[in-house]
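Each remark here refers to the structure printed beneath this line.
These numbers come from the heavy atoms of this one structure, side chains and all, not from hydrogens, waters or symmetry mates. For ligands, and for the atoms within them, numbers begin at 1 and follow the listed sequence. Everything numeric here is computed off the predicted structure, so don't read it as measured data.
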Amino acid sequence: MNTRATFGSKLGLIMASVGSAVGLGNIWRFPCEAGENGGGAFLVVYIFCVLGLGTVVMLAEFFIGRASQNDSVGAFKTLAPNTMWKIVGYNGVLAAFLIFGFYSVVSGWTLEYMYQSITGNLKADSVEEFNETFGLFTSGIFRPIMWIVIFTVITHLVVLSGVKKGIERASKIMMPLLFVILIILCIRSLLLPNAGAGLKFFFYPDFSKITSKVVLSALGQAFFSMSVGMGCMITYASYFNKSINMPKTAVSVVTLDTLVAILAGIVIFPAVTSFGISPAQGPKLVFVTLPNIFQQMPFGSLWALIFFLLLALAALTSIISIHEVVTAYLHDQYKMSRRKSATIVSLCGFAVGVVCSLSFGILSDFKILGFTIFDFLDFVTANLMLPLGGMFICIFTGWYIDKKILKAELTNNGTVKFGLFSVFVFLLKYIAPVIIAMVCVNQLGIF
Ligand code: PHE
């Protein structure tokens, strides 16, 4: 166990965790959820979920990962031998696998749009035409699948090169680049005419819009965006060395993740209102509305290229972490080589990706509980598996684990300060599990 890989530097470790957190979730999923769920009202609930619940689950995951030095299933087997707690780990591995499927589809779309901006073909006469092009592309067979193959191969190669060389190096270069590009786009968007209306939609909360669906969506989005509830942060924390200040790291990751989501909102909503488009477009928001906006800006193709490059980079650092959850599980639990585990994950993940992609075309009539396969996997993972996983992670850490062990690990045996420890334990034991349970039960209509 002493030979377990670790991240090489503090910065690299924070960048890798931020890289996992910041992804399509922030830039594609967040504006789409906020646009559909009332803008400002959604933002308020979202921030509450991030601060009150997400951060708590993240820190609990950090504890589980570093204390056990194990993958997400092995961690529960180590800390709670011969109990059912390992099911929480299995839930995470399964969620990772399913998320990999639909995530690779959207990641593939970002490559297509990058390609279209390079060749100068990202042009149309109206939003309707962009809508049609998007529909034609996503419902096709060959092209979307080809991009999934390319994205999966890139992911596979990064995961194969291991923790320090692959994941850490890739994130260290990509994350700062992403911030720079995002800030440039923010400035561009804020200079558009009528940008104020978009800002008002995004920041001004209309509390009458808060329904149980809005709350569940915000909760699911918070967990999805922070990569918590499925053992991703358990897996990454198992590579942390023992001198890392984990409470501080969690705060940095959460702050940066939330900042990127808000920046993405500032890029998208002013642009949306400036051109008189509805913010409630769903998953198409980024892919249909933005190209229309870019083409009306000077040097539009260049802006489009930069934006989709940013989205692809963000997707890559996240999908790497999703892939790593399953790879680490196979590697640790079945003693397979990294190469073999990574290959199995890439091949199986690719198969799920293909099915998800086809659910926009030839499989679009195949519905599970009224959802297409893509929407079903998105809903079940983000709105059920992650919140429930997070709830059990809180119960496990809050009730099962000895508080002395918890405190010793989170304060590095008393060498770093964690002043809010009792607040953390209180949220962990009483607040987070109860609220998550209430939201899920309420949404399922049993309440
Ligand atoms: N947090 C990532 C994003 O925002 C997605 C993700 C979910 C990554 C779960 C890992 C685990 O895009």
Exercise for the section: Please write down residue, atom name and distance for the protein heavy atom closest to atom 1 (N) of ligand 1. Expected result: Phe224 O, 2.8 Å
Exercise for the section: Could you tell me whether some N/O pair between Ser225 and ligand 1 is separated by less than 3.5 angstrom? Expected result: yes
Problem - For atom 2 (C) of ligand 1, closest protein heavy-atom neighbour - result: Ser20 O, 3.3 Å
Practice task
Give yes or no for whether the N/O distance cutoff of 3.5 Å, strictly under, is met between Cys232 and ligand 1.
Solution key: no
Practice task
Taking the six-membered ring for Trp and the single ring otherwise, decide whether the centroids of Phe396 and Tyr400 are under 6.0 Å apart.
Solution key: yes
Exercise for the section: Assert yes or no for the condition that the ring centre distance of Trp109 to Phe308 is strictly below 6.0 Å. Expected result: no
Completion exercise
If we number the atoms of ligand 1 from 1 as shown, the ones under 4.0 Å from a heavy atom of Met230 are 9 (C), 11 (C)
Practice task
Output, in order, the C-alpha distance, side-chain angles, deciding distance and verdict of side chain to side chain donor-acceptor pair (under 3.5 Å) for Tyr329 and Glu324.
Solution key: CA-CA 8 Å; Tyr329 162 68; Glu324 180 65 22; over 6 Å; no
Problem - Distance-only donor-acceptor check, side chains Asp257 and Asn26, under 3.5 Å - result: yes
Practice task
Say whether Leu24, considering both its backbone and side-chain N or O atoms, lies within less than 3.5 Å of an N or O atom on ligand 1.
Solution key: yes
Practice task
Give the single entry among Ala315, Ser227, Ala21 that approaches atom 3 (C) of ligand 1 most closely by any heavy atom.
Solution key: Ala21
Handout entry: Under 3.5 Å side-chain donor-acceptor pair for Ser341 and Thr327
Key = no
Practice task
Check each atom of ligand 1 against the heavy atoms of Asn26 and keep those under 4.0 Å away; list them by number with element.
Solution key: 4 (O)
Handout entry: Trace of the side chain to side chain donor-acceptor pair (under 3.5 Å) decision for Asn70 with Thr78
Key = CA-CA 8 Å; Asn70 239 294; Thr78 309; 3.1 Å; yes
Handout entry: Sub-3.5 Å N/O-N/O distance, Ile322 and ligand 1
Key = no
Practice task
Could you tell me if any non-hydrogen atom of Tyr103 lies under 4.0 Å from any atom of ligand 1?
Solution key: yes
Problem - Aromatic Tyr204 / basic Lys200 pairing, under 6.0 angstrom, 45° off normal - result: yes
Exercise for the section: With heavy atoms only and a cut-off of under 4.0 Å, state how Ser321 meets ligand 1: side chain, backbone, both or neither. Expected result: side chain
Exercise for the section: State whether the shortest distance between N or O atoms of Gly25 and N or O atoms of ligand 1 falls below 3.5 angstrom. Expected result: yes
Exercise for the section: Drop me the distance from Phe179's CZ to Ile184's CD1, to the nearest 0.5 angstrom. Expected result: 14.0 Å
